[in-house]
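Down below is the structure, laid out as structure tokens.
Indexing begins at 1, ligand by ligand and atom by atom, following the structure's order.
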Amino acid sequence: MLVLYGINLSTFTRKVRLALAEKGLDYRLEVAAMGSPKVRALHPLGKIPVLEDDGVVIPDSSVIIAYLERSRPARPLYPDGTRDLARALWLEEYADTRLREATLPYFSERVVKPVFQGKPGDAELLARAEAGRDECFDYLDRELPGAPFAVAGMLSVADIAIGAQLVTYQQGGGEIDAARWPRLAASAGSLARRPAWAAMRAEEEAALAAARARRG
Ligand SMILES: N[C@@H](CCC(=O)N[C@@H](CS)C(=O)NCC(=O)O)C(=O)O
């Protein structure tokens with residue numbers, strides 16, 4: 001069986017879990033925190049997620065999804081045509097890097113610091129993050145065709161990568177103003193209604209609620 005090392009509330013673990021769920025693949029989530037000895041033994045940078053498939057160790061969410069596309073091609077997340085594939089991979093890369101950087105402060109300052117580290121978030125840092133978030137959402141809103149899917153009229157790795165980051169942003173209380181970013185808001189809304197996404201969201205909300213309760 002596939003084993004995925006990671007934790008819930010980790011954006012990149014979520015990205016792979018959504019890919020596995022949308023491909024209908026069974027796996028076992030082996031809870032392993034970033035930087036832990038278990039993860040360091042599998043990933044030279046100590047990052048999550050890492051997938052293990054019958055002794056083959058695959059670090060990095062994008063590499064894992066590429067591997068799954070080759071090893072388990074049913075229910076593809078890569079579009080067929082080369083142009084569409086390039087576009088989906090570009091949007092995945094953009095989501096994993098720029099969208100990540102632009103939206104992470106909402107989660108770090110409003111969840112990680114107060115809930116997991118017991119210290120106040122930095123309101124000034126959050127205020128400064130707004131311009132980057134706006135620039136990023138403007139770009140995606142221009143690029144996306146609107147609901148339901150980003151590329152080729154099919155659920156692809158682009159939707160999964162963008163959606164995984166937006167969940168983290170929303171868990172940090174971030175909103176997508178539908179008046180300003182209608183296509184992005186519609187895409188996020190239609191992904192959130194998919195069964196795999198709703199189930200993951202519910203699991204993570206419960207984990208967050210438990211962490212908040214522990215903090216008191
Ligand atoms: N490019 C990597 C990024 C993975 C990543 O940054 N994961 C986060 C958790 S969501 C992590 O392990 N952070 C710890 C660190 O950066 O040291 C991927 O796509 O898997």
Note the single closest protein heavy atom to atom 10 (S) of ligand 1, along with its residue, its atom name and the distance in Å. Ser10 OG, 3.1 Å

Option whose closest heavy atom lies nearest to atom 6 (O) of ligand 1, chosen from Lys47, Glu92, Glu93: Lys47

Pair Ser62, Asp96: side-chain N/O donor-acceptor within cut-off below 3.5 Å: yes

Between Glu130 and Arg128, does at least one N-O distance fall below 4.0 Å, as a salt bridge requires? no

Just going by heavy-atom distances, which of Ile64, Thr97, Asp60 is nearest to atom 1 (N) of ligand 1? Asp60

Counting heavy atoms only, name the option from Arg100, Met34, His43, Gln165 that's nearest to atom 14 (C) of ligand 1. Met34

Can you sort out which atoms of ligand 1 are near Thr11, meaning under 4.0 Å from one of its heavy atoms? 10 (S)

Checking Ser71 side chain against Tyr67 main chain: does a donor-acceptor pair fall under 3.5 Å? yes

Looking at Ala95, Ala164, Pro59, Ser61, the heavy atom closest to atom 19 (O) of ligand 1 belongs to Ser61

Between Arg183 and Glu143, is there a salt bridge with N-O shorter than 4.0 Å? no

With a 3.5 Å cut-off and no angle check, do the side chains of Glu175 and Gln170 form a donor-acceptor pair? no

Counting each atom of ligand 1 from 1 as listed, which ones have a heavy atom of Pro49 under 4.0 Å away? 20 (O)

Measure the distances from the heavy atoms of Gly35 to every atom of ligand 1 and state whether one is below 4.0 angstrom. no

Indicate whether any N or O donor in one side chain lies under 3.5 Å from an N or O acceptor in the other, for Thr168 and Arg14. yes

Could you work out, for atom 8 (C) of ligand 1, the closest of Ile48, Val63, Thr168 by heavy-atom distance? Ile48

Examine the side chains of Arg133 and Thr103 and answer whether a donor and an acceptor come within less than 3.5 Å of each other. no

